[in-house]
Amino acid sequence: MPSVDRDQHDVDIDLAQLFRAVWERKGRILAATALVGVLAFVGANAISPTYKGDAKLLIEPREPNFSASGTSSSIAEPLPDELNIASQVQLLQSVDLIKQVARDLKLHERTEFDPDSSPSVVTDFLVLFGLKSNPLELPPEERVINAFKEKLAVYQVDKSRVIGIEFTSQDPKLAATVPNTMMDVYRSLQSGAKLDSNSDAVRWLETEIANLREKVREAEQKVAEYRSSAGLMSLGSDQSSFSSKQLSDISTELARVRGERANAEATAENLRASIKAGRSTETLDAVARSESIQRLRAAESQLRAQISDLSTRLLDGHPQMKALRAQLSGIREQVQAESLKVAAGLENEAAVARERETQLLAQLNTLKADTARAGEDEVGLKSLEREATAQRQLLETYLARYREASSRLDKDSSPADARVISTAIEPQEPNFPKVLPITIVATLSTMILAAVAVMLAELFSGRALRPTGTVAPVAVRREEEALPRQEAAPDPGKPERSADTPASLLNVAPDAELVEEMEQVVTAEIPAAETVEEHDEFSIASVANFLVEQETRIAFAISPSGDDGSLGTVALARELAERGKRMVLVDMTGSACPTRLMASWRDLPGITDLLTGEAAFADCIHPDRSSTADIVPQGNADIRQAMRGADRLSMIVDALADVYDLVLVECGPANAESVARLSRNGRHEIILSAPDPRADELAEIMVTFEDVGYSDLVLLSVKTPPSRHARDAA
C-alpha cells in the first residue's frame with residue numbers, strides 16, 4: 001500500500017502545457033517586450049554619450065645617437081623588466097602627473113570633471129540627513145583629480161613592454177587630447193629627471209676634478225724629487241737605472257774576457273804538448289796564423305822537392321844530398337822555435353786576460369753594492385709612481401665622465417626612456433551607450449523573462465503537472481469528444497490488419513527465390529572486408545592492452561625471424577606511444593632495423609657508444625620521427641668491444657625504467673640465455689615477435705625459455721605486408 005500511495009503522488013512536468021500557456025499569453029509577452037525595447041531605445045538615446053581615446057607607449061632605454069666625442073655609446077643598458085614596467089604604470093597614474101595635465105588642459109573649468117560644484121536636489125537631501133558626506137568640503141583640485149582617475153585607465157599590454165592609456169570623456173576631442181598630453185608630460189618628466197641627474201653629476205665632477213688635478217701634480221712632483229735625490233736616472237724607454245745598465249755591461253765584458261783567457265790557455269797548453277810529443281802542429285790555428293812559420297813551411301817544402309828530385313840521380317852519401325838534408329833539419333828546428341814563441345805569446349795573452357778579469361771582478365763587486373742600494377731606492381720610487389698613476393687614471397676617468405655629462409645638459413640630449421608607438425585620435429563613434437546592442441539585449445531579455453514567468457506561474461498553479469505514467473488529460477478528453485461514442489476510431493500509428501495476416505511472422509514459410517534475390521543484393525552492397533588475422537589475440541592492440549593492464553615497466557622483444565619481427569616491435573612501440581605512454585625502444589639488434597625505421601639519421605650515438613663510454617647517457621636518447629616515442633639506436637661503436645660491458649645493460653635498462661613508463665628492448669634473434677643474463681631480476685615481460693609463427697618453432701622457443709626460468713611468453717604476430725613486386729606479380 002505505501003508504494004501505491006507514493007506512485008499516486010509522483011508527477012511529471014507537462015512541457016506541452018508550458019508551451020501552450022506561453023502561446024496563449026503571447027500578446028502580453030510581445031507587448032511587454034515591445035514596450036521595454038522602446039524604453040531601452042529611448043533611454044539609450046537620452047544618455048549623454050561618452051567617447052574613449054587610447055594611446056600606447058613603449059618603455060625602452062633611449063640614449064642620444066652620438067656622444068660628445070662623436071662615437072656611439074658602447075654600453076648597452078638592460079631592457080626594463082616586469083617590475084620596471086609596473087612602476088611606470090603607477091607613475092603614469094601619479095597625482096603630480098595628473099595635476100599637471102589638469103592644469104595644462106584647464107579641466108577645472110569643465111563641469112564634467114567637477115559635477116559636485118552644482119549638486120542636485122537628491123544630493124542635498126542625502127547630505128542634509130547625513131546619508132552622504134558633503135562633496136563641497138573637498139578642494140576643487142582634489143575633486144577634479146578624483147573625476148580624472150575614474151575616467152582614466154592605464155594598463156600594461158600582456159607579455160610586452162607596452163603601456164596603454166585609455167581615457168573616456170563626453171568630449172571626443174578631449175578623449176584624444178588627454179592621453180596624448182599625458183604621454184608628453186610623462187616623457188617631459190622623465191627627460192627632466194635625466195637632465196637633473198646630469199646637472200648634479202656635472203657639479204660634483206667639477207669639484208672632484210679640481211681636487212684630483214692638485215693631487216696628481218703633487219704626486220708627480222714627489223716622484224721627480226725622489227728620483228733626483230736618490231740618483232735614479234732612467235735610461236731609454238725601459239726605465240732601467242744607470243747602475244743597472246752599467247752592471248749589465250760589465251757582466252757581459254767579464255764573460256767575454258773569461259772566454260778569451262780560457263781559449264788562450266787551452267791553445268798554448270795544446271801547442272806545447274804537441275811540440276813535446278813531437279806531433280805535427282800544422283793543424284793548429286795559432287801556428288797556421290804565424291807568417292814566419294808559414295815561410296819556413298814553404299822553404300821546407302822546396303827542400304823536400306829538391307831532395308826527391310836529386311835522389312833519383314844521386315846517392316844518399318853525396319855531398320849535395322847531405323847539404324840539403326842539413327838545411328831541412330835546420331828549418332825544422334826553426335819551425336819548432338817559432339811554435340814555442342807562439343805558445344809563449346798565447347800565455348802572455350792569457351795572463352793579460354787574467355789581469356783584466358781581476359779588474360772587472362773588482363768593478364762588478366762595487367757595482368753590485370751600488371745596484372743593491374739603487375734597488376732599495378726604486379721600491380720607494382715605484383710606490384710613488386703607482387700612487388701618481390692611480391690619481392692620473394682617476395682624473396682621466398672623471399674628465400671623460402664630465403665631458404659626457406656636459407654634452408647631455410641640452411634639453412634634446414637626454415630623451416625619456418619611452419617611445420610613442422600609437423597616439424590617440426579623435427573617436428567618431430561613442431563608446432557608451434551602444435544604442436542598438438542595448439535595445440536588442442533588453443528586448444530579448446524581456447521576452448525570455450516574460451516566458452519564464454509564465455512557465456513558473458503554470459508550475460506553481462499545478463496546471464503543468466500530471467501524474468506519472470498518464471497522458472495529458474486535456475488531450476485525451478478532446479480526442480474522446482471528437483470521436484463518436486458508438487465505435488472507437490482507429491489508431492493512426494498502427495497499420496490496419498487484413499483478414500489473412502498471420503498471428504506470428506514465424507509461421508510464414510520462406511520464399512526461395514526471394515531469399516536468393518536478397519542474398520545477391522546484400523552481397524553487392526556490403527564491401528569486401530579486410531582479411532582478419534588468424535590470431536587476433538596476438539595483434540599489436542592486444543599485446544599493448546596486456547602490457548598496459550599489467551603495468552609492465554620493462555619488456556624484452558625476441559624476433560626469431562629477424563627484421564620481420566623487429567617491424568612488429570616498432571609498431572608496438574608506436575601504438576603504446578599513441579596511447580599516451582612515455583616509452584623508449586632500445587635497439588639491441590645486429591641489423592639496426594629499429595634504428596633505420598625510427599631514427600632521423602643512421603650515425604646517431606646509441607647503446608654501443610653508451611656501453612663503451614664514448615657518449616653520455618642523455619646523448620644516446622633520440623625522438624622517433626613518426627611518433628612521440630624515443631629510441632636508443634644501435635650506435636657507432638664497435639659491437640664486439642661494446643658487448644664486453646654487457647653486464648651494464650641491466651643497469652641501463654633499470655635507469656630508463658625510472659624515467660619512462662615502459663622500456664621496450666628489441667633483442668632480435670637472441671637466445672634465451674642472453675635474455676636471462678640481461679633480465680636478472682625476472683620482473684620483465686618476454687615478447688616473442690613472430691610474423692608467421694609455427695607450432696614446432698614456438699614449442700622449441702618456449703622450452704628454451706622455460707629452461708632459464710621464463711614460463712610465460714607474450715606472442716606478438718604482425719603480418720608483414722607483401723612487397724610491391726609481390727603485389728604486382730599477384
Side-chain angles (χ1 to χ4, degrees), residues 212-276 281-294 337-397:
L212 279 176
R213 282 175 176 170
E214 184 64 24
K215 291 181 181 179
V216 170
R217 188 188 63 79
E218 293 177 358
E220 291 179 348
Q221 185 177 358
K222 288 181 181 179
V223 171
E225 291 176 354
Y226 188 88
R227 187 187 297 275
S228 177
S229 62
L232 299 174
M233 307 304 294
S234 61
L235 299 175
S237 60
D238 56 353
Q239 300 296 325
S240 59
S241 62
F242 180 77
S243 58
S244 299
K245 180 66 175 176
Q246 191 176 10
L247 181 63
S248 176
D249 295 341
I250 291 178
S251 299
T252 304
E253 181 66 16
L254 179 61
R256 185 185 64 79
V257 169
R258 284 178 174 175
E260 291 179 354
R261 176 182 60 79
N263 187 27
E265 289 178 351
T267 304
E269 183 177 357
N270 187 20
L271 182 57
R272 288 186 179 276
S274 299
I275 294 173
K276 185 176 181 180
T281 60
E282 295 179 1
T283 58
L284 297 178
D285 187 39
V287 175
R289 289 199 304 267
S290 177
E291 295 181 359
S292 58
I293 294 178
Q294 290 179 2
E338 290 295 332
S339 298
L340 291 175
K341 290 180 180 180
V342 170
L346 291 173
E347 290 176 352
N348 292 334
E349 291 179 0
V352 173
R354 192 177 300 108
E355 184 65 23
R356 178 62 178 163
E357 180 182 356
T358 303
Q359 295 176 358
L360 289 174
L361 285 173
Q363 294 180 4
L364 184 63
N365 293 331
T366 303
L367 286 175
K368 283 183 178 180
D370 295 341
T371 304
R373 289 192 299 271
E376 296 176 357
D377 295 336
E378 285 181 355
V379 172
L381 178 63
K382 289 181 179 179
S383 177
L384 293 175
E385 288 178 344
R386 284 195 300 270
E387 180 66 23
T389 302
Q391 296 290 344
R392 189 181 303 108
Q393 290 177 351
L394 183 59
L395 176 61
E396 292 175 355
T397 302

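- What you find for V223 and A388 is that their closest heavy atoms are CG2-CB, 4.4 Å.
- Between E218 and K215 no salt bridge is recorded (no basic side-chain N to carboxylate O distance below 4.0 Å).
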Intermediate values then yes/no, salt bridge (Lys or Arg N to Asp or Glu O under 4.0 Å), E220 and R392: CA-CA 9 Å; E220 291 179 348; R392 189 181 303 108; 2.6 Å; yes
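- Of the candidates R354, R356, R256, R261 forms a side-chain contact (heavy atoms from CB on, under 4.5 Å) with just one, namely R354.
- In this structure, the separation between OG1 on T358 and CG on L254 is 9.5 Å, given to the nearest 0.5 Å.
- Atoms CZ and CG, from R258 and N263 in turn, are 16.0 Å apart once rounded to the nearest 0.5 Å.
- Between V257 and E357, the shortest heavy-atom distance links the atoms CG1-N, 3.8 Å.
- The CG atom of L212 sits 9.5 Å away from the OG1 atom of T397 when rounded to the nearest 0.5 Å.
- If you take CG on L361 and CD1 on I250, they are separated by 10.5 Å, rounding to the nearest 0.5 Å.
- Put simply, OH on Y226 and CD on E385 are 10.5 Å apart, with the number rounded to the nearest 0.5 Å.
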